[in-house]
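Shown next, in structure tokens, is the structure this report addresses.
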Amino acid sequence: MEVTALPAPVFCGVDWAEDHHDIALVDAGGKQLAKQRINDDAEGFAQLIALLGKHGDRADAVIPVAIETSRGLLVACLRATGRPVYAINPLAVARYRDRHSVARRKSDAVDAAVLANILRTDMAAHRPLPADSELVQAIAVLARAQQDAVWDRGQASNRLRSQLREFYPAILDAFAAHKHGLCAREARTILAAAPTPTIAATLTRRRLQSLLKKAGRVRGIEAEADRLHEVFQRIYLHQLPQVEAAFGQQATALLRQLNTACLNADQLEESTAAAFEEHPDAPVIRSFPGLGSLTGARVLAEVGDDRTRFASADSLKAYAGSAPVTRASGKSRTVMSRRIKNQRLAAAGYVWAFVSLTKSAGARAHYDRRREAGDRHVAAQRNLFNRFMGMLFYCLQHGQLYDELKAFPIRSDDRSASAA
């Protein structure tokens with residue numbers, strides 16, 4: 001019986017740059033088979049594919065690739081070919097480099113060879129980029145952009161608020177109790193019409209009503225106009241007239257930045273929610289208390305839909321940063337929160353756990369028990385998030401919706417509290 005010999009394993013390392021990339025191929029014994037520099041364009045990518053094919057790359061035995069980034073067109077095109085791509089942390093590459101040269105020699109070609117050798121010797125210690133679907137990759141782009149827009153909106157609001165404190169305390173008093181503060185449409189509309197306190201003091205009740213209607217308010221317009229009129233008529237300290245006018249022009253410029261940030265956040269939120277609802281995992285994720293379309297999209301963006309990405313619920317918890325880290329040495333043993341984590345997923349988890357306290361009696365009871373045990377607020381929420389991540393892993397793996405009774409079974413002490 002004739003047996004077809006499998007090709008010897010080959011490993012590829014890519015040291016990327018803005019306009020070019022260095023390629024290195026090594027075999028199982030560490031011998032360098034090829035090295036080449038390619039441009040960062042379609043022609044360069046074709047050269048890379050041809051080089052891989054020349055050294056045994058084929059559909060049933062693709063050559064794995066190691067690179068120091070998980071983003072960019074080169075990585076996207078490599079992933080589209082179906083080959084495993086390993087994003088190696090640059091700090092890890094620096095440690096591996098010391099194994100090959102005690103003189104601390106460094107060059108792009110050397111780094112490419114180091115990356116290839118990392119796969120040759122320690123591939124099992126690293127994970128390839130997940131094989132997420134095209135839709136979930138698009139959701140990740142939108143969800144992260146929306147989160148960035150929210151952060152930009154917060155920064156723009158803080159800059160404007162800091163500047164208004166210099167000369168315009170009346171507008172801050174007027175919207176101090178508003179849930180959205182200066183980001184509210186009413187606040188931005190009135191500030192655009194009256195960029196200085198002197199102008200605001202001249203606004204009549206009828207003009208204020210008109211501005212509130214322009215901002216989209218439909219209820220309580222007259223009462224709100226009366227309240228704003230009273231605030232703007234109060235006695236405040238003022239800058240000199242010309243200085244105040246200059247501050248007003250600066251405030252108008254900052255307001256334009258805030259308006260743009262608010263518009264970006266709102267539009268990206270709509271696009272993110274719409275894309276999320278198209279994904280088959282959306283009903284499972286939305287079934288959890290505290291997860292709506294936007295927060296659910298942020299969770300899905302970071303977790304992905306590659307079911308083989310996480311070997312267990314513990315792996316997902318560690319990735320999310322909800323699982324604690326134990327440091328033990330000799331008689332010393334310390335349990336502390338995890339600092340190395342997916343920051344975006346951890347941020348979404350904090351919101352998720354916080355909202356769930358009013359949506360789920362079981363989540364609230366679990367949080368209260370952690371607080372009674374001595375946890376501070378953040379630690380109790382992180383523990384609740386950790387529990388949710390374990391449930392989410394199971395539900396996604398089995399395609400099941402969240403079940404409150406299974407998630408938080410009624411305990412004997414809960415029955416006693418209810419009876420009391």
Quick one: are [X] and [Y] in side-chain contact, heavy atoms under 4.5 Å?
X    : Y    : answer
Q257 : R159 : yes
L172 : R165 : yes
I190 : F232 : yes
H279 : D281 : yes
D266 : E270 : no
M123 : F11  : yes

Apply side-chain contact (heavy atoms from CB on, under 4.5 Å) to residues N342 and E302 and explain how you reach the verdict.
CA-CA 8 Å; N342 184 311; E302 306 308 324; 3.0 Å; yes
Return the minimal non-hydrogen interatomic distance between [X] and [Y], and the atom names on each side.
X    : Y    : result
P195 : T252 : CB-OG1, 3.6 Å
P64  : V10  : CD-O, 3.5 Å
L48  : C12  : CD1-SG, 4.4 Å
R344 : R144 : NH1-O, 3.4 Å
A282 : E277 : CB-CA, 4.2 Å
T196 : Y168 : O-OH, 3.5 Å

For the side chain of [X] and the backbone of [Y], is there at least one donor-acceptor N/O pair under 3.5 Å apart?
X    : Y    : value
D306 : A131 : yes
R234 : Y236 : no
W352 : P289 : yes
E269 : L294 : no
N264 : T260 : yes
S322 : A318 : no
R387 : H366 : no
T81  : L78  : yes
D132 : D305 : yes

Can you tell whether the side chains of E224 and R227 come within less than 4.0 Å, N to carboxylate O?
yes
Looking at R382 and D375, is there a salt bridge between them, counting it only when a charged N and a carboxylate O are closer than 4.0 Å?
no
For side-chain contact (heavy atoms from CB on, under 4.5 Å), just list the numbers for L384 and F354, CA-CA rounded to whole Å, side-chain angles, deciding distance to a tenth of an Å, and then say yes or no.
CA-CA 9 Å; L384 177 59; F354 182 77; over 6 Å; no
I need the [X] [atom1] to [Y] [atom2] distance, nearest 0.5 Å.
X    : Y    : atom1 : atom2 : answer
R364 : S356 : CZ    : OG    : 9.5 Å
Q250 : L254 : CD    : CG    : 5.5 Å
T272 : Q146 : OG1   : CD    : 5.5 Å
H180 : E186 : NE2   : CD    : 9.0 Å
Q47  : Q36  : CD    : CD    : 5.5 Å
D403 : C395 : CG    : SG    : 8.5 Å

Indicate the ring-plane relationship of H377 and Y350, choosing parallel, tilted or perpendicular according to the 30° and 60° boundaries.
perpendicular
Scan R185, R188, R153 and name whichever one has a side-chain hydrogen bond (donor to acceptor under 3.5 Å, both in side chains) with N259.
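Looking at R185, R188, R153, the match for N259 under the side-chain hydrogen bond (donor to acceptor under 3.5 Å, both in side chains) is R188.
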Here's a test for you: under side-chain hydrogen bond (donor to acceptor under 3.5 Å, both in side chains), which of D122, D111, N117 qualifies with Y96?
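Of the listed residues D122, D111, N117, the side-chain hydrogen bond (donor to acceptor under 3.5 Å, both in side chains) partner of Y96 is D122.
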From I67, L119, I118, residue fulfilling side chain to side chain contact (heavy atoms under 4.5 Å, CB included) relative to Y86
L119
Decide yes or no on side chain to side chain donor-acceptor pair (under 3.5 Å) for T69 and R71, but give the supporting numbers first.
CA-CA 6 Å; T69 181; R71 306 176 65 180; over 6 Å; no
Step-by-step side-chain contact (heavy atoms from CB on, under 4.5 Å) determination, V14 to D22:
CA-CA 6 Å; V14 178; D22 281 85; over 6 Å; no
Could you check whether atom [atom1] of [X] has more than 12 heavy atoms from other residues, nucleotides or ligands sitting under 6.0 Å from it?
X    : atom1 : result
R95  : CZ    : no
R286 : CZ    : yes
L91  : CG    : yes
K341 : NZ    : yes
I49  : CD1   : yes

Among Y394, Y319, F393, the one residue meeting ring pair (Phe, Tyr, Trp, His ring centres under 6.0 Å) with F310:
Y319
Start with the C-alpha gap between V93 and V114, add the side-chain angles, then the distance that decides, and say whether side-chain contact (heavy atoms from CB on, under 4.5 Å) holds.
CA-CA 7 Å; V93 176; V114 169; 4.1 Å; yes
With side chain to side chain donor-acceptor pair (under 3.5 Å) as the criterion, how do S312 and D314 come out once you've worked through the C-alpha distance, each side chain's angles and the decisive distance to 0.1 Å?
CA-CA 5 Å; S312 64; D314 290 340; 4.8 Å; no
Side-chain H-bond candidate by donor/acceptor type, H21 with N39, under 3.5 Å:
no
Going through the distances and angles, do D27 and H55 end up as a side chain to side chain donor-acceptor pair (under 3.5 Å)?
CA-CA 10 Å; D27 63 13; H55 290 84; over 6 Å; no
